[in-house]
Amino acid sequence: MNKFLIVANWKLNGSINMISSFFEYIKLHASIYLEKNVIVIAPPTIYLERVYRKIAKINIFLGAQNVDINLKGAFTGETSITMLKEIGVKYVIVGHSERRLWHHENNDIISKKIYLIKKFNLIPILCIGETKYDRDHGKTITIIKKQLDDIIAILGKLVFQNIVIAYEPIWAIGTGLAADPKNIQLIHKFIKNYVRIYDSSIKNILVQYGGSINQKNVKSFISQPDIDGLLIGSASLNAEEFFKIIQISHNFLKNKISYYKYFYISNHLN
Ligand code: 13P
């Protein structure tokens, strides 16, 4: 591992009060963990600017949960990549299973978003993963390959440079059923090897795990060599729980010399 990235995906949760108490907690208890970790908070769009003001002086990056495929025009309710960039967003989540399901986002739309995010020098967090049905029918690898293949077919073999991949098995999201860390390790290794088949020049491939992570199970995931970060939903809504996860990761990984090299990815940002 040469970098570690912890991302909070707040989904459709949060409020002005919640944001105030979340950052109050950080100020009081958690600031010592911010120096050595890459932490991203992705609140709902309406709160991006509020969260940006809170993180302006601390070492946390701003993430968006979505972006539109258009830059401007008659697209009611949407937010463009230039708007996100203007207010300080650095990372954008794309292809989350909830958007694939509820908003019918397919790999074409996801590719268009990745194209724009990279064009404007932000970092996409591409979510991939299979349903319970797919898993039970032994199709996990087939599904993952297809999700990657479709994007490579549209954007080319080098598309995974400067991108974060988040493996989120859909059956593990929000269910409390975190996957078996050893299986996740195998899948992460597969993803990295598969990307390398297309792009042998790629240096770092950062693959996060997401799905029912909490302070009790986090250690079993971060101890796997190919799990390079975490994408956390429910447990990121509670500052105490979220920073407990960060603290455990920090304490476990701090002795790994290469841990501190992850900053390469942040250095790409402007
Ligand atoms: P949970 O951590 O609530 O399972 O959500 C994971 C997720 O979907 C993060 O994007």
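What you see is a predicted model, and the numbers here were worked out from it, not measured in a lab. Counting starts at 1 for both ligands and their atoms, in listed order.
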Peer 1: Test your reading of the structure: does T175 have an N or O sitting under 3.5 Å from an N or O of ligand 1?
Peer 2: no

Peer 1: Can you name the nearest heavy-atom pair linking V67 to I81, along with the distance?
Peer 2: CG2-N, 3.4 Å

Peer 1: If you measure every N or O of G210 against every N or O of ligand 1, does any of those distances drop under 3.5 Å?
Peer 2: no

Peer 1: Between the side chain of R99 and the main-chain N/O of I110, is any donor-acceptor distance below 3.5 Å?
Peer 2: no

Peer 1: So, 4.0 Å and heavy atoms of G174: is ligand 1 close enough to count as a contact?
Peer 2: yes

Peer 1: Nearest protein heavy-atom contact for atom 5 (O) of ligand 1: which residue, which atom, what distance?
Peer 2: K11 NZ, 3.3 Å

Peer 1: Quick one: look at I173 and ligand 1, take heavy-atom pairs under 4.0 Å, and tell me if it's side chain, backbone, both or neither.
Peer 2: both

Peer 1: Which of the atoms of ligand 1 are close to N9, meaning less than 4.0 Å from one of its heavy atoms?
Peer 2: 9 (C), 10 (O)

Peer 1: Do you know which of L84, I41, T79 makes side chain to side chain contact (heavy atoms under 4.5 Å, CB included) with L48?
Peer 2: L84

Peer 1: For the residue pair L237 and M18, what are the closest heavy atoms and their distance?
Peer 2: O-CE, 3.4 Å

Peer 1: So which heavy atom on V38 is nearest to which on L5, and how close?
Peer 2: CG1-CD1, 3.1 Å

Peer 1: Pick one: which of Y47, F242, F22 meets ring pair (Phe, Tyr, Trp, His ring centres under 6.0 Å) with W10?
Peer 2: F22

Peer 1: How far is atom 3 (O) of ligand 1 from its nearest protein heavy atom, and which residue and atom name does that atom have?
Peer 2: S234 OG, 2.5 Å

Peer 1: Which ligand 1 atoms, with their elements, are less than 4.0 angstrom from a heavy-atom of L231?
Peer 2: 9 (C), 10 (O)

Peer 1: Which value, rounded to the nearest 0.5 Å, describes the distance between I205 atom CD1 and H188 atom NE2?
Peer 2: 12.5 Å

Peer 1: How far is atom 2 (O) of ligand 1 from its nearest protein heavy atom, and which residue and atom is that?
Peer 2: G233 N, 2.9 Å

Peer 1: Before accepting this row, confirm whether a basic side-chain N of the pair K192/D228 lies closer than 4.0 Å to the acidic partner's carboxylate O.
Peer 2: yes

Peer 1: Give me the residue, atom name and distance of the protein heavy atom closest to atom 7 (C) of ligand 1.
Peer 2: E168 OE2, 3.1 Å

Peer 1: Looking at H96, which atoms of ligand 1 are within less than 4.0 Å of one of its heavy atoms?
Peer 2: 7 (C), 8 (O), 9 (C), 10 (O)

Peer 1: If you count the atoms of ligand 1 from 1 in the order shown, which ones are under 4.0 Å from a heavy atom of S212?
Peer 2: 1 (P), 2 (O), 4 (O)

